[in-house]
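The figures here come from the full heavy-atom set of this structure, side chains too, leaving out hydrogens, waters and symmetry mates.
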Amino acid sequence: MNAPRADRTESTDALLKRYRAILDSALDCIITIDSDTRIVEFNNVAEKTFGYRADEALGQRLSDVIVPPELKDAHETGFSRYMATGKSKILDTRIEIPALRKDGTTIDCELAITRIDLEDGPLFTATLRDVTEKKKAEKREALTDLLLNAIRIAQAGFIQGKKPKELFGSLLASLLEITKSEYGFIGERLSKNDGSIFLKTHAITDIAWNKSTKDFYLQNVDSGLEFYNLDTLFGEVLKTGDPLVTNDPQAHPASGGLPPGHPEMRSFLGIPLYYGREFLGMAGLANRPGGYDDELLEFLQPLLNTCGSLINAFRNDKAREVAESSLRESGQMIQAMLDSMLDALVVFDQEGRIRKLNNAAQSMFRINDDRELYVASLLPSLRQFRAGDSGKLPLQSVSEIQATRANHSQFPAEVSLSKIDEIDETLYIATVRDVTERKAVENLKREFVSRVSHELRTPLTAIKGTLDLFSAGILGELESDALSTVNIAQRNAEHLRLLLNDILDLEKFQHGTMPLEWESQSLSHLLRGAMETLSSLADVADVGITLMDVDYKVVVDAARMKQVFINLLSNAVKFSPPGEIVEVNAHQEDETLVVSIADRGCGIPEHALETIFEPFHQVDGSDSRKFEGTGLGLAITREIVNAHGGSIRVASTPGEGSTFTLTLKLKGDKP
Amino acid sequence: MRVLVIDDSADIRGILRLALSYKAAHEVLEAESGKLGIELALQILPDLILLDVMMPGLSGPETLNIMRAHAALRDTPVLFVTAKVQLSEKEELLALDASGVIEKPIDMLGLLKQIEAFEQR
């Protein structure tokens, strides 16, 4: 009897030993309790997982060892009910449940309980697996999903053109959800004109705690709330550009305290937002259960980068908008300016196709539709553009041409052309001025001047004729007093005649209606002719005229050029002291002949050098009486030289003399 | 010499009369318009006509045209008297079959010499 019993005992021991080995080699915690919930089995893994040695655990109630306090009642009630009724929610299923470790920390466990009925009563074997890491990973995965989803929504929203408020609002909601924070904001780091930094929110949780903060929130939430006090936790982030993590905000050195009524702040996370290396803004979060840490900060980084990118994108967008609107505005301004211009502007391309007409152009050319037009149809002298040949255009110079209206009527116009080199093409602008009225006025003036001078000639004929007859003794010899009186009157009548001629000449030159007769002439011949005319004047004044190197040929209107030399030489003689010499010299500069007439007279003061060629200008009012002249000589001289394509200028040193220098085209064809 | 002066200005006519008649003893007849001048010229057949260019009614050139249409006046020397002094204007007048152009204001002594020249022809 013993033997079999001994055998059985032996075999039971062996069985138990093997059973023990199996338990200890199991990967999960195996804890067996009896019907009184006392622990009868506590394997190796359970020891490692919960921090108890088996001998500490054995015999203890399960609820005193690994059941977290908050589940103790439920555990005990549930077990008693099961024992009484046989009904259990957890038997033979797999559930997840938190469990308590010896050190007080909680782990997540997967739990399965099996009932084993033995003779002495039932035993319950619990298999527990620590799934804390797995749970953590799952949780993290879920958060990562949330995070990625938030990024995706924000990016899609931006592409769809959603407003910043909406996008940052959803980003903030995601941040709060992911971090389980109570409130927070996303804002942009901006600077005022004085360079000081401030925060402007793009999204902020409504944490208003009274009417005034509520009003402030509601009034500003759309445009963004602005915060200027940087002696705060968020201010520290804005100043340093570094993240700020604190789970004891009030004690943080950067804390500026909270205004009375502000919701409690138990923890704070301030995160700078960058785009590349550019510090653009920040996010702030508060009151995460368990506080914030660097791990969370790292986890949030992709979402924070998205915030940075969005701020940057909106900034660029805004910059583009500003640029576009200022472009639009300046475009509108230019358009307004163009349209307010009195001159017509015709913008056309290299093919001569008209691209733009301002208001003045449309009314000047009577264009009231949008059909395609070529510049040649308005300005026939620009016909070359039709052929695309723009090489020989006289840019910038003003020319007078006939322009054609849409109804084919013509009008005189002044046109100047300029070129705009665009990036991809060249455009031309013709500025057109309708000179019909000016022409009419000019004609009227010319007619008037011509009429007046004609009308004056008739009475002058009567006066001068009478005087001539007296002076010549045709009406009988006069007493010497009477004769000298008649001579005075005669001289003045002659002066009047010269004046009338000069006025008429000047008027014709100024309007380009003076006919010129071109011929090749030798300069010295012209000068000698002038000297001959002036010989008596020079003799009386005792002034000599010396011709130096003057052997050149010029193509000129000989009579008019002689008039020029007479004017210049007579001035030089008149203003020279007796015994002096007037020197005439010439030299060639490229295609130009430079002729100078130098006297050693009283000179011309500097202030008068500019105006000396103006009509009726003499240096001193008394000059006209002292040095008889019409006051138009130099004005006409300049007009004649200009009409020859030349120019005239004067240099003078008062007290030493003056030099008049004129240029003429040497081989000149007609100018 | 019988000279007909056609000018709307009585003063010009008067001074020319003086100049031509006082010492040179030409016979001077006056007309104050082109129309009257033509009528008078046809009556007296002058040796020389001094014809103002700018006159109300018929202008000098128009008057000359009509005169030249009359056989009696076809070859009568005509001197235009004008305030138009440009060369081109002078040429235009000469092209109208005039013998010469005298500029206003008239150089009386020059005019007398010119008339002397006609007399000698």
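Other residues, nucleotides and ligands contribute at most 12 non-hydrogen atoms within 6.0 Å of the CZ atom of A/Phe470. Around atom CD of B/Glu27, more than 12 heavy atoms belonging to other residues, nucleotides or ligands sit under 6.0 Å away. Counting non-hydrogen atoms of other residues, nucleotides and ligands closer than 6.0 Å to CD of A/Gln521 gives a total above 12. Within 6.0 Å of CZ in A/Arg649 there are 12 or fewer heavy atoms belonging to other residues, nucleotides or ligands. Residue A/His525 places its NE2 atom among 12 or fewer non-hydrogen atoms of other residues, nucleotides or ligands, all under 6.0 Å distant.
A distance of 7.0 Å separates CE of B/Met108 from OG1 of A/Thr466, quoted to the nearest 0.5 Å. To the nearest 0.5 Å, the span separating CG on B/Leu16 from OG1 on A/Thr461 amounts to 8.5 Å.
The nearest pair of heavy atoms linking B/Lys104 to A/Arg457 is O-NH1, 3.1 Å. A pairwise comparison of heavy atoms in B/Ile106 and A/Asp468 identifies O-OD2, 3.9 Å as the closest pair. In this structure, B/Ile12 and A/Ala462 approach most closely via the heavy-atom pair CD1-N, 3.7 Å. For A/Leu460 against B/Pro105, the heavy-atom pair with the smallest separation is CD2-CG, 3.7 Å.
Residue contact with chain A, scored on non-hydrogen atoms closer than 4.5 Å, is absent for B/Leu111. Using a 4.5 Å cut-off between heavy atoms, B/Asp107 contacts chain A through both its backbone and its side chain.
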For A/Ile474 and B/Leu112: C-alpha separation, side-chain torsions, deciding distance, then whether side chain to side chain contact (heavy atoms under 4.5 Å, CB included) applies. CA-CA 11 Å; A/Ile474 289 169; B/Leu112 289 177; 3.4 Å; yes
